[in-house]
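One-based numbering, in listed order, for ligands and for the atoms of each.
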Amino acid sequence: MKNVLRLLPLLPGIVTLSGCNHAPQKSNGQNSQKPNIIYIFADDLGIGDLSCYGATKVSTPNIDRLAGQGVQFTNAYATSATSTPSRFGLLTGMYPWRQENTGIAPGNSELIIDTACVTMADMLKDAGYTTAAVGKWHLGLGPKGETDFNNRITPNAQSIGFDYEFIIPATVDRVPCVFVENGHVVGLDPNDPITVSYDHKVGNWPTGEENPELVTLKPSQGHNNTIINGIPRIGWMTGGKSALWKDEDIADIITHKAKNFIASHQEEPFFLYMGTQDVHVPRIPHPRFAGKSGLGTRGDVIMQLDWTIGEIMHTLDSLHIADNTILIFTSDNGPVIDDGYQDHAYELLNGHTPMGIYRGGKYSAYEAGTRVPFIVRWPARVKPNKQQALFSQIDVYASLASLLDQPLRKGAAPDSQEHLSVLLGKNNTNREYVVQQNLNNTLAIIKGQWKYIEPSDAPAIEYWTKMELGNDKQPQLYDLSSDPSEKTDVSKQYPDIVKELAELLESVKEK
Ligand code: NG6
Ligand code: CA
């Protein structure tokens, strides 16, 4: 089914959809207008972190409601096991490992998506959408060399298809700890300019390394540079005091901005790309969630994340646009328990299993690295459903283009395939294969029941987190149908399958 909209019965008086910028009408069950699209990337959320995916120690009622009203995937994959490449893959429709500099970006990285690239946001603009990026960005800002946070930062998200941006430049554990709105640091006093370095100390603000007695949250790994709000970060900064965020308020602020964007564009098709900082470290819940989960701050920020999703859902309900809004909720990569601060996440797990039954986690080529929660709700067109088909986030771009009958511009989204009917839960055909990428760019490929991980000289264990990365000098093969937890490498028993999948992976690389 190439285009669902084309199959809609045309109601009398309704303009055809292709390329139309007709006077908008609220959906109110008519669904004549192009659907709004909201894509929410949670950060480091595991497939075992939600009650709708079987978690019993935490409760996520809003996300559960979303799943109950939508298509809930069990075999959906992020492109990569870390944030920057995963986000790059989604927005460009190109595997990040085809381009250098797509690894975890520092806070002063240049914008790593070429402004000439036709992103998913560009495609949606071509289709008549108003677009926004809100929350975690982590794709760099500004030109190569140095991001100047004191003047209009360009290129920014607006240079690659977003009409509006309100973003956290990198991650919440990285400087600068400020929001950027349409190229400007929010609340910056020009007399107190920002300096950032990822190479050496700048200014005289205390660091975790020199003044450990000043921190309120101690690092467990790294994270010992400039202290902001009592939290030692990755990277050094000075200046911009009036612009610094308060970690407790980030969820409230980005949720507010997302809601504002939705409300101001309720009369036209809009695309909202939202990245939450939850549940990445440092996990700092607002006081109304602090201590509420009983699982420490990691559990508390899962509750905070669930609240955020609830707020977005309530906003859509109150504006009467939920029916014709496609709301996709997922994660950029798999979970990690201790990712650099002494927040006692391990000790407080209390039997909670963020990875579910899967091996590895964030950074890893094993399943928990990239197999993520993925929920698609579109009440007007999509019946609640469980979806077991193999699906990759790399295909969201081409699938949405197909939905909107929007031709892809030349060279756009080279790795994205159209799997619209799978995305909408109308068909459960597996993608022929899914490619996974770990921290070290080691690739794995899943086809049918088999998963092959290519040989790699990179370390087997991640230095800081002790996470199993899935790297081995020998090729590995797992039968996910009988062994979804990847306990037994069967490469020696099935040399022909190893060869077939190795060749398939090479052909994808050479494409
Ligand atoms: C790692 C950080 C980790 C996290 C990650 C990026 C250390 C020791 N670890 O290098 O805390 O920031 O990068 O996470 O510094 S991601 O989800 O944005 O990819
Ligand atoms: Ca992440």
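The atoms of ligand 1 that sit less than 4.0 Å from any heavy atom of Asp43 are 17 (O). Listed by atom number, the atoms of ligand 1 under 4.0 Å from His138 heavy atoms are 18 (O). Set against the non-hydrogen atoms of Asn333, the atoms of ligand 1 under 4.0 Å away are 17 (O). Each of the atoms 8 (C) of ligand 1 lies under 4.0 Å from some heavy atom of Trp464. If you number the atoms of ligand 1 from 1 as listed, the ones under 4.0 Å from a heavy atom of Asp44 come out as 17 (O). Those atoms of ligand 1 with a heavy atom of Thr171 less than 4.0 angstrom away are 18 (O). The ligand atoms of ligand 1 that sit less than 4.0 angstrom from a heavy atom of Thr82 are 19 (O).
If you check each of Gln221, Arg174, Arg233 against atom 10 (O) of ligand 1, the one with the closest non-hydrogen atom is Arg174.
With respect to the salt-bridge test (charged N to carboxylate O, under 4.0 angstrom), the residues Glu462 and Lys362 do not qualify. The pair Asp415-Arg98 meets the salt-bridge criterion, since a charged nitrogen lies less than 4.0 angstrom from a carboxylate oxygen. A salt bridge between Arg298 and Asp49 is present, with a side-chain N of the basic residue lying under 4.0 Å from a carboxylate O of the acidic one. Contact check on Glu367 versus Lys451 returns a salt bridge, with a Lys/Arg side-chain nitrogen under 4.0 Å from an Asp/Glu carboxylate oxygen. Using a 4.0 Å cut-off between charged nitrogen and carboxylate oxygen, Asp192 and Lys241 do not count as a salt-bridge pair.
For the Ca ion (ligand 2), the neighbouring protein N/O/S atoms at less than 3.0 Å, given as residue and atom, are Asp43 OD1, Asp44 OD1, Asp332 OD1, Asp332 OD2, Asn333 OD1.
In terms of protein heavy-atom proximity, atom 18 (O) of ligand 1 is closest to Lys136 NZ, 2.9 Å. For atom 12 (O) of ligand 1, the closest heavy atom belonging to the protein is Asp173 OD2, 2.6 Å. Nearest protein heavy-atom contact of atom 14 (O) of ligand 1 is Lys362 NZ, 2.7 Å. The nearest protein atom to atom 15 (O) of ligand 1, hydrogens excluded, is given as Ile234 CD1, 3.4 Å; this is a heavy-atom distance. Among protein heavy atoms, atom 19 (O) of ligand 1 sits closest to Ser83 N, 2.9 Å. What sits closest to atom 5 (C) of ligand 1 on the protein, heavy atoms only, is Tyr363 OH, 3.4 Å.
Taking the side chain as every heavy atom from C-beta outward, Tyr358 and Thr353 never approach each other to under 4.5 Å.
No N or O atom of Thr84 sits closer than 3.5 Å to an N or O atom of ligand 1. Where the criterion is an N or O separation shorter than 3.5 Å, residue side chain and backbone included, Asp339 meets it with respect to ligand 1. Distances between N or O atoms of His223 and those of ligand 1 include at least one value under 3.5 Å.
Paired with Phe179 under the rule ring pair (Phe, Tyr, Trp, His ring centres under 6.0 Å), one option of Trp245, Phe149, Trp137 passes, and it is Trp245.
By the criterion of a heavy-atom distance under 4.0 Å, neither the backbone nor the side chain of Thr465 is placed next to ligand 1.
For Trp236, the ring pair (Phe, Tyr, Trp, His ring centres under 6.0 Å) test picks out no residue, with sequence neighbours left out. Applying the side chain to side chain donor-acceptor pair (under 3.5 Å) test to Tyr397 and every residue at least two apart in sequence or in another chain returns nothing. Taking the side chain to side chain donor-acceptor pair (under 3.5 Å) definition, one finds that Glu181 meets it with Tyr164, sequence neighbours left out.
Centroid-to-centroid, the aromatic rings of Phe391 and Phe374 come within less than 6.0 Å. Ring-centre distance between Phe271 and Tyr129: not below the 6.0 Å cut-off.
Summarising the geometry of Asp114 relative to Ala116, their closest heavy-atom pair is OD1-N, 2.8 Å, with the distance given to 0.1 Å.
More than 12 heavy atoms of other residues, nucleotides or ligands lie within 6.0 Å of CD in Gln342, so this atom counts as buried by the packing criterion.
For the pair Arg87 and Phe41, the cation-pi criterion (under 6.0 Å, within 45° of the ring axis) is fulfilled.
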